[in-house]
Protein chains: 2
Amino acid sequence: MPSSTHTVPAARVLPEPADLPAPLPEPAPAELRLETVLGALSDPLRLFIVRKLLLESERFDHPCSWLGIDRPKSSLTHHYKALREAGLIRQRQYGLERRSHVRVADLNDRFPGLLDLVAAWEPPATP
Amino acid sequence: MPSSTHTVPAARVLPEPADLPAPLPEPAPAELRLETVLGALSDPLRLFIVRKLLLESERFDHPCSWLGIDRPKSSLTHHYKALREAGLIRQRQYGLERRSHVRVADLNDRFPGLLDLVAAWEPPATP
DNA sequence: CCTCCAGTACGAGTTGAGTCGAACTTAGCA
DNA sequence: TGCTAAGTTCGACTCAACTCGTACTGGAGG
């Protein structure tokens with residue numbers, strides 16, 4: 001069992017103040033499809049996004065601009081939407097900002113070990 | 001290892017000695033890229049191929065026709081080549097047949113847990 | 001030699017995804 | 001009221017990938 005030692009923090013989810021904005025439309029945990037999730041992660045930029053959200057910010061939602069990716073906003077919107085529709089991230093609207101975090105609990109439950117692979121990934125260069 | 005408790009018909013044992021045909025060109029273990037591997041597995045047909053090779057025949061090579069997939073030969077060649085170039089399978093030429101098996105050791109070493117996800121996958125329908 | 005067969009190679013058609021500019025929407029704030 | 005900024009939406013372009021028919025190669029067996 002290679003993925004028995006999880007380096008990814010399990011559901012260290014934030015103490016939700018319960019007045020959070022509702023998440024944007026996303027697939028339910030039972031609807032997550034492995035081939036869709038893998039396809040979403042096959043893009044290096046999206047893999048970078050998920051890994052950064054996973055490693056550096058499990059506790060907080062972060063706006064799209066937080067990642068510091070030098071791409072047009074419309075490109076980032078495209079990738080965030082792809083990640084959300086694949087079920088990898090959850091997005092909430094905070095005023096003008098749309099903050100995202102990885103659905104760690106759902107993904108660990110449905111695809112155990114997957115996030116460990118993402119966390120262990122080494123980006124080839126600066127995307 | 002998902003198929004460690006797997007009984008295999010002894011009649012289909014291949015000549016194991018060191019006079020195996022050389023594998024077709026494939027990436028070295030250190031060259032395996034997670035995003036490439038995930039992209040190769042994001043196609044349902046390829047995911048089906050890898051899973052079937054993994055679950056039903058990890059010890060033996062199998063010709064392309066063994067899977068019983070109802071697709072044109074040129075399509076199958078396309079997907080087998082994609083899997084080989086991504087580093088997921090190894091292919092050897094036996095006379096007219098080209099037999100394939102999953103690179104279990106390499107993949108478990110480089111991406112531990114990945115093949116468990118493949119083995120646990122449930123295909124949506126008949127591809 | 002010739003035929004058969006597994007699989008490849010090549011090319012065309014089609015689709016889908018990534019990239020991005022430009023215009024738009026909306027919240028916060030002066 | 002109007003400005004600013006975060007992010008979306010739309011459309012267009014490019015390019016890669018999937019599909020598949022057809023022609024081809026190369027070994028096995030007559």
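For clarity, every value in this text was computed on a predicted model and none was experimentally measured.
For A:His78 and D:dT8, the shortest distance from a side-chain N or O to OP1 or OP2 is not below 4.0 Å. Between A:Ser75 and C:dG18 there is no side-chain polar atom (N or O) within less than 4.0 angstrom of OP1 or OP2. Look at B:Arg46 and you'll find a side-chain N or O under 4.0 angstrom from OP1 or OP2 of D:dC18.
Candidate nucleotides C:dG18, D:dG27, D:dC18 were compared by shortest atom distance to the side chain of B:Leu96, and D:dG27 ranks first. The side chain of B:His79 sits closest to D:dT19 out of D:dT9, D:dT19, D:dG21. Relative to the side chain of A:Lys73, the nucleotides D:dG21, C:dG7, D:dG7 differ in distance, and D:dG7 lies closest.
Put simply, CZ on A:Arg92 is 22 Å from P on D:dA6, counting in whole angstrom units.
Counting only distance, with no hydrogens or angles, the side chain of A:Arg110 and the backbone of A:Pro29 share a donor-acceptor pair below 3.5 Å. Under the 3.5 Å distance criterion, the side-chain polar atoms of B:Arg51 are matched with a main-chain donor or acceptor of B:Trp121. No donor-acceptor distance shorter than 3.5 angstrom exists from the side chain of A:Arg84 to the backbone of A:Glu26, with no hydrogens or angles considered.
Remark: of the listed residues B:Val118, B:Leu115, B:Leu55, B:Leu115 is the sole one forming a side-chain contact (heavy atoms from CB on, under 4.5 Å) with B:Val102.
For B:Thr77 against C:dG7, a side-chain-to-base donor-acceptor contact under 3.5 Å is absent.
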